[in-house]
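One structure below.
Values below: every heavy atom of this structure, side chains too, minus hydrogens, waters and symmetry copies.
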Amino acid sequence: MAEERKRYSDAELAEFRELILKKLETARADYELLRSTITHTADNDTEDTSPTFKVLEEGATTLSKEESGRLAAHQMKFIRNLEMALVRIENKTYGICKTTGRLIPKERLMKVPHATECIEAKEGRR
């Protein structure tokens, strides 16, 4: 029986690092877009200076800001998870399931690079 690997090679970790850095760049740009939507930092219109008499429009704006706020919070959590994955790469513990101690399949990490558990462990918690 072949010996089970304990961790990914340095070359594989470098490959995962590049993938995570690209996703992190995109995630941060998306977060900034959401943040600017909430705070109107990108607006140059007169929305803040002209009185608005349309109650439904104000309600829709509030709802949109709330949804953008939820999306921004979710995006920030995603960014933190990616940053923690980079720390695990530096520590050479990336890709090791925190529950089973076995390697998370490379296919899963390519799709969900911030994963900390293999599918079996995740399903076992449900």
Side-chain angles (χ1 to χ4, degrees):
M1 182 172 178
E3 185 178 319
E4 189 173 325
R5 293 191 325 158
K6 301 289 184 198
R7 72 172 189 88
Y8 283 104
S9 70
D10 289 346
E12 290 169 316
L13 291 176
E15 181 183 347
F16 287 125
R17 186 175 192 281
E18 284 303 311
L19 172 69
I20 290 169
L21 288 173
K22 287 178 186 171
K23 287 193 177 275
L24 200 50
E25 183 179 342
T26 302
R28 286 180 176 147
D30 291 347
Y31 174 76
E32 286 304 317
L33 180 64
L34 287 166
R35 198 173 70 79
S36 69
T37 300
I38 296 167
T39 60
H40 291 292
T41 55
D43 284 349
N44 289 327
D45 62 12
T46 58
E47 181 180 323
D48 294 338
T49 58
S50 63
T52 305
F53 298 103
K54 300 176 186 166
V55 175
L56 291 175
E57 198 171 293
E58 286 178 356
T61 301
T62 300
L63 185 61
S64 177
K65 282 185 179 182
E66 288 174 1
E67 182 63 21
S68 293
R70 282 192 292 274
L71 289 171
H74 180 76
Q75 193 69 10
M76 184 50 70
K77 182 179 177 185
F78 180 57
I79 290 168
R80 279 194 304 271
N81 288 338
L82 289 172
E83 289 170 343
M84 293 305 297
L86 288 174
V87 169
R88 290 192 302 277
I89 287 173
E90 293 302 314
N91 295 337
K92 299 188 189 291
T93 58
Y94 179 79
I96 301 171
C97 177
K98 69 180 183 180
T99 304
T100 66
R102 293 189 307 248
L103 281 184
I104 299 169
K106 190 171 186 174
E107 299 78 28
R108 173 163 168 70
L109 291 172
M110 295 303 279
K111 292 179 182 169
V112 185
H114 58 283
T116 58
E117 289 183 300
C118 60
I119 294 290
E120 297 81 22
K122 190 166 182 152
E123 287 178 349
R125 283 190 295 120
R126 291 183 184 171

Name each donor-acceptor pair under 3.5 Å that joins a side chain in residues 72-87 to protein atoms two or more places apart or in another chain, with its distance.
residue, atom, partner, partner atom, Å
Gln75, NE2, Ala27, O, 3.2
Asn81, ND2, Lys77, O, 3.4
Glu83, OE2, Arg28, NH2, 2.6

Inset, instruction - Indicate the atoms forming the closest heavy-atom contact of Arg7 with Leu13, along with that distance. - result: NH1-CD1, 3.5 Å
Inset, instruction - Specify the closest pair of heavy atoms between Leu33 and Ser36, including all atoms of both residues, with the distance to one decimal. - result: O-OG, 2.9 Å
Legend entry - Reported CZ-to-CD1 distance for the pair Arg5 and Ile96, which is rounded to 0.5 angstrom: 10.5 Å
Legend entry - Pairs satisfying salt bridge (charged side-chain N to carboxylate O under 4.0 Å, His left out), at least one member in residues 91-104, at least two apart: Asp10-Lys92
Inset, instruction - Output all residues satisfying salt bridge (Lys or Arg N to Asp or Glu O under 4.0 Å) with Glu90, sequence neighbours left out; order by chain, then residue number. - result: Arg17
Legend entry - Basic-acidic side-chain contact under 4.0 Å: Glu25, Lys22: no
I'd like a table of donor-acceptor pairs (distance under 3.5 Å, sequence neighbours excluded) in which one partner is a side-chain atom from residues 103-113, with atom names and distances.
residue, atom, partner, partner atom, Å
Lys106, NZ, Glu15, OE1, 3.2
Arg108, NE, Glu117, O, 2.9
Arg108, NH2, Glu117, O, 3.2

Inset, instruction - Indicate yes or no: at least one non-hydrogen side-chain atom of Glu18 is less than 4.5 angstrom from one of Leu21. - result: yes
Legend entry - Nonpolar side-chain network containing Ile119, other nodes, edges under 4.5 Å: none
Inset, instruction - Under the ring pair (Phe, Tyr, Trp, His ring centres under 6.0 Å) rule, collect the residues that match up with Phe16, sequence neighbours excluded. - result: Tyr8, Tyr94
